[in-house]
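Predicted, not measured: the structure shown is a model, and the values here were computed from it.
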Amino acid sequence: MMRWVAIAALSAVAMLATLHVWFNVFQIPLEFPPALSLFEQPRSWTGLGDSRKAGWMAWYVPVLTTAFFASVVLARLTRQRTRWSVLSMAIAGCIAVLVGVMIACWAEHNGFIWYHRTEMTLRMLLGVQGQLLTFSFWESVRFLSGQWPLLVIGAVVGAGCAFLAGAPLRRPRAGAFAEETTVEPLDGRTDLTARIVSTIVLFIFSQTGSTFGHPFFMLAAGTCIAIAWFTVAFPKVEFNLKRLLLGGLIASIAGSLVQTVLFAKKNPLAVTFAKNPFVGEIIFAQNVQAFVMIFIMYLIGLTLIFMLFAKVMVALCRRRTSP
């Protein structure tokens with residue numbers, strides 16, 4: 001019970017940090033001025049004063065997003081009651097504040113791009129999420145370096161939760177628990193959640209290079225990769241080298257086929273001599289060569305990425321407990 005009380009308290013701190021940045025720093029207007037449709041062109045709107053430059057979004061969207069991600073991060077950080085200490089919980093409070101500020105920055109950037117770049121589509125916005133998350137993280141770090149009282153508040157709340165739980169000032173040494181430990185198996189719900197989350201992250205990651213190909217072909221290739229990961233490479237939260245290699249092979253074949261079709265459509269010979277039967281063999285040879293080259297790049301890259309994703313997910317989800 002105390003663990004969930006601590007998670008709720010620190011999540012509330014993260015949500016307050018989001019609201020502080022949202023209203024006091026970015027000064028996002030609470031009400032959206034009269035504007036055109038959310039999805040029809042043009043989407044730009046004109047407010048009063050500096051609000052014209054604001055990345056408007058309903059205020060509860062970043063708050064609810066912060067509540068979700070802060071709860072997930074804090075549940076991971078506080079999963080082992082024996083590792084609690086005043087110092088570690090104070091650090092957890094600082095991390096909660098960082099998550100709250102980062103989500104506020106991320107939501108503001110998404111709102112600004114959506115309303116002030118009218119050429120932006122949902123497909124393009126999805127492709128830049130990796131860049132937005134990275135930029136928002138460093139922006140939140142710079143912001144907290146000047147707004148350090150927020151970190152102090154988070155640390156005080158976390159330390160207070162540890163004090164109420166009777167935790168020591170510092171955690172015991174790792175060697176005290178390393179002698180006899182067992183790996184706690186995952187239940188079905190946790191296993192499925194980890195697989196779904198990793199699939200979504202992998203799909204978004206596959207779309208970050210959308211500028212190098214047609215958006216719909218990149219979307220098709222990313223879908224094939226995500227399906228191969230979820231069904232073949234990672235059917236359970238475990239590092240199974242054979243399944244990872246097989247999943248990487250299947251994903252590489254599917255992705256290479258999609259990219260080869262795109263190459264064939266853009267091949268200048270196919271466009272110029274589409275009805276010439278004598279050029280067919282040359283076009284076929286070029287397509288085969290392109291498929292082989294793309295397949296090799298996909299196989300090497302996806303195998304390494306699949307292995308990295310599997311290592312990270314197993315490390316995040318498997319819990320070591322004392323017998």
So how far is it from [X] [atom1] to [Y] [atom2], rounded to the nearest 0.5 Å?
X: Phe69; Y: Thr18; atom1: CZ; atom2: OG1; answer: 12.0 Å
X: Arg3; Y: Leu74; atom1: CZ; atom2: CG; answer: 9.5 Å
X: Ser198; Y: Leu202; atom1: OG; atom2: CG; answer: 7.5 Å
X: Ser256; Y: Ile296; atom1: OG; atom2: CD1; answer: 9.5 Å
X: Ile294; Y: Ser252; atom1: CD1; atom2: OG; answer: 11.5 Å
X: Phe309; Y: Met313; atom1: CZ; atom2: CE; answer: 9.0 Å

Do [X] and [Y] belong together in a cluster built from hydrophobic side chains that touch within less than 4.5 Å?
X: Met293; Y: Val258; result: no
X: Met15; Y: Val156; result: no
X: Ile227; Y: Ile200; result: no
X: Val63; Y: Val25; result: yes
X: Trp4; Y: Leu10; result: yes

| Verdict with supporting geometry, Met89 and Thr78, side chain to side chain contact (heavy atoms under 4.5 Å, CB included) | CA-CA 8 Å; Met89 291 300 291; Thr78 61; 4.0 Å; yes

| query | Are the side chain of Arg243 and the backbone of Glu238 linked by a donor-acceptor contact shorter than 3.5 Å? | reply |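 No; zero donor-acceptor contacts below 3.5 Å.
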
| request: Name the orientation class of the two ring planes belonging to Phe26 and Trp22 (parallel below 30°, tilted from 30 to 60°, perpendicular beyond 60°). | output: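 Phe26 vs Trp22 ring planes: perpendicular.
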
| field | With Phe306, the side chain to side chain contact (heavy atoms under 4.5 Å, CB included) member among Leu246, Leu244, Val232 | value |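 Only match with Phe306 under side chain to side chain contact (heavy atoms under 4.5 Å, CB included): Leu244.
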
| Ser140 and side chain to side chain contact (heavy atoms under 4.5 Å, CB included): which partner among Ile103, Val97, Val101? |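 Single side chain to side chain contact (heavy atoms under 4.5 Å, CB included) partner of Ser140 among Ile103, Val97, Val101: Val101.
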
Just wondering, do [Y] and [X] contact through their side chains at under 4.5 Å, heavy atoms?
X: Phe143; Y: Cys105; answer: no
X: Val5; Y: Cys161; answer: no
X: Thr231; Y: Ile250; answer: no
X: Trp138; Y: Arg142; answer: yes
X: Phe295; Y: Leu249; answer: yes
X: Phe203; Y: Thr199; answer: no
X: Trp229; Y: Leu302; answer: no
X: Thr66; Y: Met102; answer: no

Grab the two heavy atoms, one from [X] and one from [Y], that are nearest each other, plus how far apart they are.
X: Phe239; Y: Met307; answer: CE1-O, 3.5 Å
X: Ala96; Y: Ala14; answer: O-CB, 3.1 Å
X: Val157; Y: Ala9; answer: CG1-CB, 4.2 Å
X: Gly154; Y: Val13; answer: CA-CG1, 4.0 Å

| message | Does Phe234 form a side chain to side chain contact (heavy atoms under 4.5 Å, CB included) with Asn240? I'd like the steps, not just the answer. | response | CA-CA 8 Å; Phe234 208 58; Asn240 190 319; over 6 Å; no

| task | Go through Val72 and Phe68 one step at a time and tell me if the side chain to side chain contact (heavy atoms under 4.5 Å, CB included) criterion holds. | result | CA-CA 6 Å; Val72 172; Phe68 172 75; 4.0 Å; yes

| Cut-off 3.5 Å, side chains only: do Trp106 and Gln129 have a donor facing an acceptor? |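 The answer is yes; a qualifying pair exists.
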
| Is it the case that more than 12 heavy atoms not belonging to Phe23 sit under 6.0 Å from its CZ atom? |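 It does: Phe23 CZ has more than 12 such atoms within range.
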
| message | Could you go through Met57 and Ile28, starting from their C-alpha distance and side-chain angles, then the distance that decides it, and tell me whether this counts as side chain to side chain contact (heavy atoms under 4.5 Å, CB included)? | response | CA-CA 8 Å; Met57 184 181 289; Ile28 309 296; over 6 Å; no

| If you draw the axis of the six-membered ring of Phe230, does the NZ or CZ of Arg195 fall within 45° of it and under 6.0 Å from the ring centre? |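 Cation-pi check for Arg195 and Phe230: passes.
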
